[in-house]
Structure formats: structure tokens, C-alpha cells
Amino acid sequence: IVSFPVAAAAGECTPKNARLVGPSGPVAKQLVGLKTWPDGSLREARLCFYVNLAAFRSDLYVLQLDPEAEESAAPPDGLTIERADDRLVVKGTSIGAEFSLVSAAAGDIPPPMTAMIGADGGRFGGSGFYGAARVTSVEASVLEAGPVLVEVGWKYACEGGLAYELTAS
């Protein structure tokens with residue numbers, strides 16, 4: 001994944017109409033940390049896109065800030081994002097992960113990553129909690145959901161007033 005900052009003047013381009021073009025045509029892109037002008041046009045963001053280059057090769061990619069263009073690029077090959085009420089499953093061609101989206105104030109609080117997913121669909125691994133302080137609540141949220149990358153965040157509260165935040169991309 002390649003990322004870099006972009007900015008535009010008020011009214012120059014809407015986030016939907018910022019089109020990325022590579023050597024083979026339109027490329028799926030994602031604007032992360034998007035800030036807009038009062039009219040809804042793109043002010044600034046981080047432009048993220050997937051590139052698969054051979055060693056010692058370079059390609060040219062151009063971000064077209066064109067208010068008349070329509071986004072038409074498909075997500076990177078093999079990337080799928082499936083969202084349910086309690087989980088988010090992200091898979092590539094060779095590996096994936098399942099993340100918990102459970103927000104709870106008590107009871108069984110799941111760990112953030114409930115499983116890794118192999119190319120064959122088999123589930124393995126995951127994450128867990130360790131330490132003396134028991135987790136008492138969690139608030140989960142999807143911060144970014146494709147088409148190029150996914151980011152999930154969790155805010156945990158523990159016994160004794162301890163709190164922490166975790167983000168997975």
C-alpha cells in the first residue's frame with residue numbers, strides 16, 4: 001500500500017470525484033483522515049492505494065482532481081471485506097483476519113482479533129487478554145472500511161481505572 005498526503009482548494013474536487021489513474025487505467029483508492037471544506041469538497045486526506053511492482057520497476061500514478069469524473073475502479077484483486085453486526089472479516093488472496101465489533105459493558109468481552117484466516121478458509125490464532133486487571137468494557141468501531149485498507153479501533157476499560165485504545169489496520 002502506498003500512501004501520501006493530498007490537498008485541494010475549496011470547490012476544486014469532491015472526495016468521490018478524486019480519481020486515481022495508473023498505467024493500466026483507473027486504480028482503486030481510499031482517502032483516509034478525510035477533511036472537507038464547508039461545501040463538502042476535498043480539503044485534505046491521505047491517499048492510499050495498492051501497487052504490485054516487480055523489482056527495479058516504476059510506474060506513474062496520477063490523481064485527477066476532476067469534479068466531473070466518476071470513481072469506477074474496482075478494489076485490489078482478492079480483497080474482500082465482510083461486515084456483520086458483531087465482526088468484520090477481511091481477506092486477501094493468501095490470508096485474512098476476523099475482528100470483533102462487539103461493544104459491551106460487562107460479561108464475556110471478546111479479544112480484538114478473533115482469528116486469522118488461511119488461504120483455504122481455515123481459522124487459526126487470534127488475540128487474547130493478559131494481565132492482572134480484568135477488562136470491564138469495550139467500545140469497538142470501524143474507522144476505515146475499504147476499498148484499499150481496513151482499520152478497526154477498540155477502547156477498553158479495565159478494573160482500577162486503567163484504559164487503553166488499540167487500532168488494527
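Two different hydrophobic clusters hold Val89 and Met116 under the rule that ILVMFWY side chains link at heavy-atom gaps under 4.5 Å. In the hydrophobic clustering of ILVMFWY residues, with side-chain heavy atoms under 4.5 Å counting as a link, Leu42 and Val62 come out apart. No path of Ile, Leu, Val, Met, Phe, Trp and Tyr side chains, each step under 4.5 Å between heavy atoms, connects Ile117 with Leu101, placing them in separate hydrophobic clusters. In terms of hydrophobic clustering, with Ile, Leu, Val, Met, Phe, Trp and Tyr side chains grouped at heavy-atom distances under 4.5 Å, Ile95 and Leu79 are assigned to a common cluster. Ile109 and Met113 fall within a single hydrophobic cluster, where Ile, Leu, Val, Met, Phe, Trp and Tyr are joined by side-chain heavy atoms under 4.5 Å apart, directly or via other members.
For Ala119 against Thr93, the heavy-atom pair with the smallest separation is CB-O, 3.9 Å. Residue Val102 comes nearest to Pro110 through the heavy atom pair CB-CG, 3.8 Å, listed as atom of the first residue, atom of the second, then distance. Nearest heavy-atom pair, Gln30 versus Ala145, reported as atom, atom and distance to 0.1 Å: NE2-N, 4.1 Å. Of all non-hydrogen atoms in Asp39 and Ala10, the two that sit nearest each other are OD2-C, 4.2 Å. Heavy-atom minimum distance, Leu34 versus Pro15: CD2-CG, 3.8 Å. The two atoms that bring Trp154 and Ala140 nearest to each other are CD1-CB, 3.6 Å, heavy atoms only.
Here the CG atom belonging to Leu31 is positioned 11.5 Å from the CD atom belonging to Glu44, to the nearest 0.5 angstrom. Residue Lys155 holds its NZ atom at 7.0 Å from OG of Ser141, rounded to the nearest 0.5 Å. In this structure, CG in Asp59 is found 7.5 Å from OG in Ser24, a value given to the nearest 0.5 Å. Here the CZ atom belonging to Arg134 is positioned 9.5 Å from the SG atom belonging to Cys158, to the nearest 0.5 angstrom. Between Thr36 atom OG1 and Arg43 atom CZ the span is 9.0 Å, to the nearest 0.5 Å.
At distances below 3.5 Å, not a single donor-acceptor pair connects side-chain atoms of Ser3 with backbone N or O atoms of Cys48. The backbone N or O of Ala8 lies less than 3.5 Å from a partner atom in the side chain of Trp37, making a donor-acceptor pair.
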Only pairs under 3.5 Å count here: list side-chain donor-acceptor contacts from residues 146-153, not counting sequence neighbours, and write none if there are none.
residue : atom : partner : partner atom : Å
Glu151  : OE2  : Ser169  : OG           : 3.0

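For the side-chain hydrogen bond (donor to acceptor under 3.5 Å, both in side chains) test, no residue two or more places apart in sequence or in another chain qualifies with Asp86.
Using a 30° and 60° split on the angle between ring planes, Tyr156 and Tyr164 fall in the parallel class, below 30°.
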Determine whether Arg83 and Val142 satisfy the following criterion, side chain to side chain contact (heavy atoms under 4.5 Å, CB included), listing intermediate values before the conclusion.
CA-CA 10 Å; Arg83 185 174 180 169; Val142 177; 3.6 Å; yes
Under the side chain to side chain contact (heavy atoms under 4.5 Å, CB included) criterion, do Leu88 and Ile81 qualify, and how do the steps go?
CA-CA 7 Å; Leu88 183 75; Ile81 302 167; 3.8 Å; yes
Walk me through whether Thr114 and Glu98 qualify under side chain to side chain donor-acceptor pair (under 3.5 Å).
CA-CA 6 Å; Thr114 53; Glu98 180 179 87; 2.7 Å; yes
Evaluation steps, side chain to side chain contact (heavy atoms under 4.5 Å, CB included), between Leu63 and Tyr61:
CA-CA 7 Å; Leu63 180 63; Tyr61 293 83; over 6 Å; no
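Atom CG of Asp85 is surrounded by 12 or fewer heavy atoms from other residues, nucleotides or ligands within 6.0 Å.
Counting heavy atoms from C-beta on, the side chains of Arg87 and Ser100 never come closer than 4.5 Å.
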